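Have a look at the structure below, then the notes.
The model shown is predicted, which means the values in this text are computed figures rather than measured ones.
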Amino acid sequence: MDDPTLERHFKGHRDAITSLDFSSNMKQIASGSVDACVMIWNTRPQMRAYRFVGHKDAVTSVQFSPSGHLVASASRDKTVRLWVPSVKGESTVFRAHTGTVRSVSFSSDGQTLLTSSDDKSIKVWAVHRQKFLFSLNQHINWVRCARFSPDGRLIVSASDDKTVKLWDKNSRECINSFCEHGGYVHHADFHPSGTCIAAASTDNTVKVWDIRTHKLLQHYPVHSATVNSLSFHPSGNYLITASNDSTLKILDLLEGRLLYTLHGHQGPASCVSFSRTGDFFASGGADEQVMLWRTNFDSVDYSEVLQQKGAGDEKASDHRSYSQPSAQVR
């Protein structure tokens with residue numbers, strides 16, 4: 001297993017990075033920032049970046065559509081924009097919510113958009129008709145994040161009311177509230193298999209639940225400050241997290257242990273995302289930088305790795321922590 005390596009960093013935002021996402025073909029990374037801009041970075045060398053201006057306040061969330069033909073962005077200006085990720089940077093605007101919009105997320109078929117807001121609601125939209133469909137309204141504080149399940153039937157949401165809620169999209173009912181977090185819940189998402197969910201909180205922990213039994217499966221008190229963001233590796237074997245303690249951490253979900261601690265960002269690490277194939281991941285921080293990392297550790301067949309290691313001989317404390325010297329330069 002090789003260690004993750006920092007491939008390059010992208011500079012161009014003028015304030016903290018809040019969110020990022022890879023296009024499905026890995027050729028572009030979208031990022032949002034407190035500077036109110038959306039940037040589209042081309043991962044191939046010598047390709048220029050695009051800066052999209054239109055939001056009137058901080059951009060809080062960005063996501064590519066599954067096809068890569070659209071980028072959705074959410075903002076403190078209470079709107080959602082859909083951009084065409086090309087030189088022109090044309091966009092259409094949804095007057096989406098009555099408070100800051102905290103997250104945008106496409107369904108896996110690209111037909112539906114999910115938004116969440118400080119107005120305590122989650123809203124579902126038809127993308128191509130740009131039409132509001134319905135709201136989900138049981139949270140009693142800001143809703144920081146909402147995501148569709150891989151099959152599009154369920155929705156998970158994370159809120160400052162300290163709950164993670166699971167919803168049935170068709171019946172529009174709340175199936176379960178997960179209340180184990182001791183702080184605001186900043187981020188939640190589905191495991192690629194659709195069988196469990198993970199959430200990140202201001203209580204410095206990451207928790208994983210089974211969505212069928214509603215039981216807490218794993219609890220990771222690995223960070224020393226708020227956990228802002230998480231992303232599942234597409235294999236479902238790993239979870240990466242970003243925290244105000246300035247680190248990224250990679251968790252081995254099969255063995256239930258911390259695998260790597262990455263020291264790249266100066267100050268809080270605000271967001272992190274694996275690429276669609278898992279070969280790369282990107283991170284963003286308060287240092288205004290977007291960093292592109294090569295995963296490396298998943299290049300070997302995982303069953304072979306388990307055999308080599310004697311399947312769990314290592315203690316949880318044996319994880320590797322290192323700094324990327326080049327990542328320290330601003």
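Ser19 places a side-chain N or O within 3.5 Å of a backbone atom of Val62 that can act as its donor or acceptor partner. Remark: the backbone N or O of Ser224 is paired with a side-chain donor or acceptor of Asp245 at under 3.5 angstrom. Side-chain atoms of Thr295 come within 3.5 Å of backbone N or O of Asp279 as a donor-acceptor pair. In this structure, the side chain of Thr247 does not engage the main chain of Thr261 through any donor-acceptor pair within 3.5 Å. Formation of a donor-acceptor pair under 3.5 Å by the Ser193 side chain with backbone atoms of Thr195 is found in this model. Here the side chain of Asn204 pairs a donor or acceptor atom with the backbone of Thr226 at under 3.5 angstrom. Checking side-chain atoms of Ser103 against main-chain N and O of Ser61 turns up no donor-acceptor pair under 3.5 Å. With hydrogens and angles disregarded, a donor-acceptor distance shorter than 3.5 Å links the side chain of Arg276 to the backbone of Phe22.
Within a 6.0 Å sphere centred on CD1 of Ile175, heavy atoms belonging to other residues, nucleotides or ligands number more than 12. Heavy atoms from other residues, nucleotides or ligands lying under 6.0 Å from CZ of Arg14 number 12 at most. Taking a 6.0 Å sphere around NE2 of His69, one finds it holds 12 or fewer heavy atoms contributed by other residues, nucleotides or ligands.
For residues 140-160, the set of pairs meeting the salt bridge (charged side-chain N to carboxylate O under 4.0 Å, His left out) definition, not counting sequence neighbours, comprises Arg144-Asp160, Asp151-Arg153. Within the structure, the ring-ring contact (aromatic ring centres under 6.0 Å, His included) test picks out the following pairs touching residues 186-208 (sequence neighbours left out): His191-Phe232.
The minimum heavy-atom distance linking Ser270 with Ala286 is given by the pair OG-N, 4.5 Å. The minimum heavy-atom distance between Lys207 and Asp203, with the atom names listed, is CE-OD2, 4.1 Å. A pairwise comparison of heavy atoms in Asp35 and Cys37 identifies OD1-N, 2.8 Å as the closest pair. Among all heavy-atom pairs drawn from Val38 and Ser73, the shortest one is CG2-CB, 3.8 Å.
A cation-pi geometry, defined here as NZ or CZ lying under 6.0 Å from the six-membered ring centre and within 45° of its normal, holds between Arg172 and Phe134.
Remark: of the listed residues Lys120, Lys165, Glu173, Lys165 is the sole one forming a side-chain contact (heavy atoms from CB on, under 4.5 Å) with Gln138. With respect to Val143, the side-chain contact (heavy atoms from CB on, under 4.5 Å) criterion is satisfied by exactly one of Val185, Ile122, Asp119, Asp161: Ile122.
A distance of 6.0 Å or more separates the ring centres of Phe280 and Trp293. Taking the six-membered ring for Trp and the full ring otherwise, the centers of His97 and Trp142 sit at least 6.0 Å from each other.
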